Amino acid sequence: MSGCQTTEASPDVVTGILTIQYHDVYALIDPGSTLSYVTPFVAMEFGIEPAQLHEPFLVSTLVGESITAARVYRSCVVTIHGRDTMADLVELGMIDFYVIMGMDWLYSCFAKLDCRTRTMRLEFPNDPLLNGREIM
């Protein structure tokens, strides 16, 4: 699949399928997250060696636990409707989602989220293909 689709699982989140490194993955779009994350289970399929972070850091989970993040997969290809974007994905052991796309990626894609309808639009400047196109 080359884009995202909403799911009806919860009215509180925006989820869908993203194509990352040419693999379809279940993703959470989270504007409350500064960075983007990937599980080691999915990342091993990417064919990219992770880089060690200079300074590992703790990530708080929704259930109040903290997980140490120490590795990052740099310049992963995220394909949206035939357009390739890039994301650095921090490796994080999580079970509910394969990927969490945070503000770092959303910002780079000129994303606009509509919380009421749970949709996402990418509005790349001077790009008629996705300009104003709802993708999620």
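Since the structure is predicted, the reported quantities are computational estimates derived from the model, not experimental observations.
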Provide the closest heavy-atom pair for [X] versus [Y] in the form atom of the first, atom of the second, distance.
{"X": "V90", "Y": "A69", "result": "CG1-CB, 3.5 Å"}
{"X": "L122", "Y": "A111", "result": "CD2-CB, 3.7 Å"}
{"X": "G102", "Y": "S36", "result": "N-OG, 2.9 Å"}
{"X": "D88", "Y": "S75", "result": "OD1-N, 2.8 Å"}

**OP:** Consider only side-chain N and O atoms of Y37 and E91, and report whether a donor and an acceptor are under 3.5 Å apart.
**Re:** no

Report yes if some heavy atom in the side chain of [X] is under 4.5 Å from a heavy atom in the side chain of [Y]; otherwise report no.
{"X": "L89", "Y": "R74", "result": "no"}
{"X": "F97", "Y": "T15", "result": "yes"}
{"X": "I80", "Y": "L18", "result": "yes"}
{"X": "V42", "Y": "Y26", "result": "no"}
{"X": "E123", "Y": "K112", "result": "yes"}
{"X": "F124", "Y": "R83", "result": "yes"}
{"X": "T68", "Y": "F57", "result": "no"}
{"X": "L113", "Y": "I29", "result": "yes"}

Original post:
How are the rings of Y98 and F41 set to each other: parallel, tilted or perpendicular (split at 30° and 60°)?
Top reply: tilted

Drop me the distance from [X]'s [atom1] to [Y]'s [atom2], to the nearest 0.5 angstrom.
{"X": "M94", "Y": "L28", "atom1": "CE", "atom2": "CG", "value": "8.5 Å"}
{"X": "H23", "Y": "T79", "atom1": "NE2", "atom2": "OG1", "value": "12.0 Å"}
{"X": "I67", "Y": "S60", "atom1": "CD1", "atom2": "OG", "value": "9.5 Å"}

Subject >> Cluster link M86 to L106, ILVMFWY, side chain under 4.5 Å >> reply: no

**OP:** Give a yes or no on whether M44 and I20 share a hydrophobic cluster (residues Ile, Leu, Val, Met, Phe, Trp, Tyr; joining criterion: side-chain heavy atoms under 4.5 Å apart).
**Re:** yes

Side chains of residues 46-55: which donor-acceptor partners sit under 3.5 Å, not counting sequence neighbours?
none

**OP:** Could you check V99, T85, D84 and say which one makes a side chain to side chain contact (heavy atoms under 4.5 Å, CB included) with V78?
**Re:** T85

**OP:** Go through M103 and T34 one step at a time and tell me if the side chain to side chain contact (heavy atoms under 4.5 Å, CB included) criterion holds.
**Re:** CA-CA 5 Å; M103 282 299 290; T34 304; 5.6 Å; no

**OP:** For S108 and W105, indicate whether the former's side chain and the latter's backbone hold a donor-acceptor pair under 3.5 Å.
**Re:** yes

